[in-house]
Amino acid sequence: MMNEIMKSFFGIALELTILFTGIAFVISLISGFIPYQKMEHLMNKSHPLLGAFIAVGLAFVTPFCSCSTIPMVVNLLRNNVRFAIVMIFLFASPVLDITISTLMVALLGWEVTIVYILITASLSITIGFLLSALGFESQLKHVVVENFAGQHREGRLHLKAAIQETWNLIKSVYPFLIIGAAIGSILHGAIPSEWISAYMGGNQWWLVPTAAIIGIPLYIRLSAMIPVSQIMIVKGMALGPIMALLISSAGASLPEITLLHSIFKKKLVIAFIASVISMATMAGFLFYLI
């Protein structure tokens, strides 16, 4: 069994290393042509619906985890970007990432990835506008961000900067990829497919909300969850609970919730947690349909 686990680990780790490093470098190289400041301006001045799509686009090109999203959120609030648009970015940024999406295509397939992007983007937009309509903007605290590194190099290719950014991203994210590969390999070799199919492969409704709730304290990054998800699907686990766990663990975490207390009042923090759980649960049920 150990030989099978090690063989699986090295195969998954090698595939993820090549994909992640290559994709991260290309994205870093072309990021100088992404007009971040113009996107922020359009989010605030354009029609709300167009602003929402721009917020999702910004979330897609900024490879932030749930915690590192917070400084960008505060920067948007300081620039008086609409509350609904900021909340859309807050929900979308940790769960939408072009690098992770490409890994998802490689490991889970185009169909799953496209449905995942459409569902998470749509739910992020819906929840953002709903929180605004319910008046949660009044639950913001006055926060000033000092020394926020929000400046972006625009209009040129910069090889040295791209290499440095890729290296920084690898240092922060790559360990989670390896952890995910290790967990996936252990699951592949140690847990019988029959057990997963019997207890976690059915259409029991309670699996999805349970996975959504469990995901938040786990703080599993998407980069670690995707290889684990691939193994669990192969073993027979239903797609709905996997996606619910993936979205909730990426969309919120205990460290992020602690950080949010510094910019949100208690009611908005509670609403945020409930929104992430609802988003993960609804997405999980929708994945039962595909």
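Everything numeric here is computed off the predicted structure, so don't read it as measured data.
- In terms of hydrophobic clustering, with Ile, Leu, Val, Met, Phe, Trp and Tyr side chains grouped at heavy-atom distances under 4.5 Å, V276 and L134 are assigned to a common cluster.
- Residues I88 and A55 share a closest heavy-atom pair of CG2-CB, 4.0 Å.
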Point to revise | Candidate pair M243 and L286, rule side chain to side chain contact (heavy atoms under 4.5 Å, CB included), full reasoning | key: CA-CA 10 Å; M243 288 301 165; L286 289 171; over 6 Å; no
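- Note that OG1 of T113 is 8.5 Å distant from CD of E111, once rounded to the nearest 0.5 Å.
- Both L49 and V56 are part of a single hydrophobic cluster, where members link through side-chain heavy atoms under 4.5 Å apart.
- Minimum heavy-atom separation, F272 to G251: CZ-O, 3.6 Å.
- Scanning all heavy atoms of the two residues, the minimum distance from Y288 to V208 falls at CE1-CG2, 3.4 Å.
- Grouping the Ile, Leu, Val, Met, Phe, Trp and Tyr side chains by contacts below 4.5 angstrom, directly or via other members, places V105 with I114.
- The line from CZ of F91 to CD1 of I247 is 12.5 Å long, rounded to the nearest 0.5 Å.
- Note that CD of Q139 is 11.0 Å distant from CG of L131, once rounded to the nearest 0.5 Å.
- The minimum heavy-atom distance between F264 and M87, with the atom names listed, is CZ-SD, 4.0 Å.
- If you take CG on L58 and CD1 on I85, they are separated by 11.5 Å, rounding to the nearest 0.5 Å.
- Remark: the backbone N or O of H261 is paired with a side-chain donor or acceptor of K141 at under 3.5 angstrom.
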Could you list the donor-acceptor pairs under 3.5 angstrom formed between side-chain atoms of residues 119-130 and any protein atom two or more places apart in sequence or on another chain?
unit_1: T120; atom_1: OG1; unit_2: Y116; atom_2: O; d: 2.7
unit_1: T120; atom_1: OG1; unit_2: I117; atom_2: O; d: 3.2
unit_1: S122; atom_1: OG; unit_2: L118; atom_2: O; d: 2.7
unit_1: S124; atom_1: OG; unit_2: T120; atom_2: O; d: 2.7
unit_1: T126; atom_1: OG1; unit_2: S122; atom_2: O; d: 2.9

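- Between I263 and V73, the closest heavy-atom pair is CD1-CG1, 4.3 Å.
- I270 and F83 fall into different hydrophobic clusters, where Ile, Leu, Val, Met, Phe, Trp and Tyr are joined by side-chain heavy atoms under 4.5 Å apart, directly or via other members.
- Taken from CG in L207 to CZ in F285, the straight-line distance is 9.0 Å, to the nearest 0.5 Å.
- V86 approaches V81 most closely through the heavy-atom pair CG2-O, 3.7 Å.
- The environment of CZ in F53 is sparse: at most 12 heavy-atom neighbours from other residues, nucleotides or ligands sit within 6.0 Å.
- Rounded to the nearest 0.5 Å, atoms CD1 (I213) and CG (L245) are 12.0 Å apart.
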